[in-house]
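Report on one structure; see the data block that follows.
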Amino acid sequence: MAGLLDYTDGSSVLHRLNPLTKLVLAFAVCVAAFVTGNLWYLAALLAFSLGLGFVGGIGRVALRLLWTLVRVCAFLFVLQLLFIRAGTPIWLFVTDVGVATAARVSLRLMDATMPLVLLLSVTQASDLSGALVKVARLPYRYAFTLMTALRFIPVFTGEMAHIIQAQTARGVPFDTKNPLRRVSLILPLCVPLLVSSVGRIDQAAISAEARGFYLRRRDSGYKDYPFAVRDGVALLVAAALIAAAVLVR
Amino acid sequence: MTPTATETAAETATGTATGTAAAPHTSAIIATDRLSFTYAAGTRPALDDINLQVAAGDFVGIIGPSGAGKSTLAAALSGVIPHYWKGSFYGAVRVDGRDSCEQSLTDISRTVATVFQDIEAQMVAAIVEDEVLFGLENFGVPKADIPGRVTDALDLVGIADLRRRTISSLSGGQRQKVALAAALALRPRVLLLDEPTSELDPASSVQIFETLQRLNREQGITVIVIEQKIMLLCAYARTLGVMDGGRLVHHGPVRTVLEHIEDLETRGVNAPRVTTFTHALRRAVGAGLPLTVTVDETESALRRAFSGAANDTTHNTQGERDVYAPL
């Protein structure tokens, strides 16, 4: 099963967009979310992100991601309600300002996370780094660092899942319903995971150097990343999203 | 990282290699001269006075029990030692006539393509095609040549159908083939492989060795394979090195090394079963029977022995390579 940030192959219009266009589009949604405070517009941005997922043929991934974010944001929402005392009380300790602020923060968090994750799911890390080097003129070593980081996120989450499965098979109660107990069981696993991760990254660095990493030039990349009409349309949409955010804030 | 030392150890013991002399060979594409290495965190040498000459165009197999120093030797031959791994380094490794300490890892990689043991960790891309492309792009292979090189490499290891697959969706064996294809695409002069078939089934293992043999014979690529499967090494390699306790205890033509079958067994290296069988038979019936390596060869030897033609040893040549068929 594909994990978070795992590339999902496909031929949708999102897949065919220039990687830089996807990056700009994702950042445009983020910027729009932070420019506006309008709850309706924030909700519309979330719907737009979800729509991107369905256009890219990764609707299920988008829904799964949304569900994860909703759970995290629900926690944040409650915290905001508890700590914001401004405004008129509407029920027990809950104030109207508290509700509005909590909703705004939660929606912004979801708006800022969803598009980037979804667009990375339909973009190969190597294409992203290739476009950053060839089009955005980013030095290759920085682009490679980004590519490696993106590549290893699913590897490490998968490794953590394997460790948890192995520990569960040996009787460690990772299947407990108590989230605090679960966290207390996971924390000791972070150190060995970190150690093995460093070792793995080190090996990847050796492997890269043994295959001529330091010889790389900007123009030695095989693939080209030209902009097409669809990229222009996507960039217009990105500009429109930010403009609308300014208008409705 | 830089090497901690590059002087030759003065007091290390002389190696007991079976076949090759310690003096550097003029046609050696890779040579070690009294190479010793102790890891920074180690107390005893992982490599101890290794004298190894690999002639250009040779097919060398390195075998030994776990902890013998095989992977450390691979790291030294590929330049990872002394450029990456810290420790006390004595002696010298010469790659294409130049001291590995005086070349960068990148320079060495122009001659030696390495497939490391930890396959997962050496993958740098998410897609099979991109993994093969990585080295080609770095070395500045002309764009017009790249598609052909990628296709050839994938075809050679039989994974052309995996070209667009994500590496995370592949099995361990398939990943090994991807790593091998990535190395082959570079068309190196030396191919160094650290246990390239550890996660492969027997049929795939044979396929890989057949490919290596073809590259070795047809393109003259020097192949150095560290491998635990003695049958494969004996069937395909021309030269065999046996390591134990950080030392190269035997080194020479495969059959010459296998003559030390009893010593090999005490070191935890089992000879092919047919070799063990013919060795036992030879001891029982006399010296007329040659030491065999493959099943077909054994059958022929036995037929000749029992038909009174056991003295004909013309079949016992390096030129013959029979089908690998484990008993």
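Just so it is clear, the model here is predicted, and its values are computed rather than measured. Lettering of chains follows the sequences in order, A, B, ..., and the numbering in each one begins at 1.
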- Message: Under 4.5 Å from any heavy atom of chain A, what part of B:R165 do you find: side chain, backbone, both or neither?
- Response: neither
- Item | Ring geometry between A:Y140 and B:F134 (parallel below 30°, tilted from 30 to 60°, perpendicular above 60°) | tilted
- Item | Residue selection (most heavy-atom pairs with chain B, distance under 4.5 Å) from A:G199, A:G158, A:A210 | A:A210
- Query: Would one find more than 12 heavy atoms of other residues, nucleotides or ligands at under 6.0 Å from atom CZ of B:F139?
  - Reply: yes
- Query: Around A:F227, counting heavy atoms of other residues, nucleotides and ligands shown, do more than 12 lie under 6.0 Å from its CZ?
  - Reply: yes
- Message: Just verifying a value: how many Å separate A:S207 OG and B:E131 CD, rounded to the nearest 0.5 Å?
- Response: 6.5 Å
- So, the part of B:V80 with a heavy atom under 4.5 Å from chain A: the answer is side chain
- Turns out that what part of A:D219 lies under 4.5 Å from chain B's heavy atoms comes down to backbone
- Message: Around atom CZ of A:R230, are there more than 12 heavy atoms from other residues, nucleotides or ligands closer than 6.0 Å?
- Response: yes
- Note on the structure: If one checks every heavy atom of B:L105 against chain A at 4.5 Å, the contacting part turns out to be both
- Task: Determine the minimum heavy-atom distance between A:R211 and B:Q122, stating which atoms define it.
- Result: NH2-O, 3.2 Å
- Interface moiety of B:T106 toward chain A, non-hydrogen atoms closer than 4.5 Å: both
- Whatever's closer than 4.5 Å to a heavy atom in chain B on A:Q124 counts as side chain
- Message: I'd like to know which of B:V115, B:D107, B:I108, B:V124 tops the heavy-atom pair count under 4.5 Å against chain A.
- Response: B:V124
- Might you confirm whether atom CZ of B:R214 has over 12 heavy atoms from other residues, nucleotides or ligands at distances under 6.0 Å? yes
- Message: To the closest 0.5 Å, what do you measure between CG (A:D202) and CG (B:D118)?
- Response: 11.5 Å
- Under 4.5 Å heavy-atom distance to chain A, tell me which part of B:Q117 shows up: side chain, backbone, both or neither. neither
- So do A:M147 and B:D130 actually touch side chain to side chain, heavy atoms under 4.5 Å? no
- Message: Before you tell me yes or no, could you show the steps for B:V150 and A:Y222 under side chain to side chain contact (heavy atoms under 4.5 Å, CB included), namely the whole-Å CA-CA distance, both residues' side-chain angles and the distance that decides it to 0.1 Å?
- Response: CA-CA 12 Å; B:V150 173; A:Y222 173 63; over 6 Å; no
- Minimum heavy-atom distance between B:S109 and A:G212, given as atom pair plus value: OG-N, 4.2 Å
- Most contacts with chain B, counted as non-hydrogen pairs under 4.5 angstrom, among A:A125, A:G130, A:S220: A:S220
- In terms of heavy-atom pairs under 4.5 Å with chain A, the winner among B:S169, B:A179, B:A182, B:P147 is B:P147
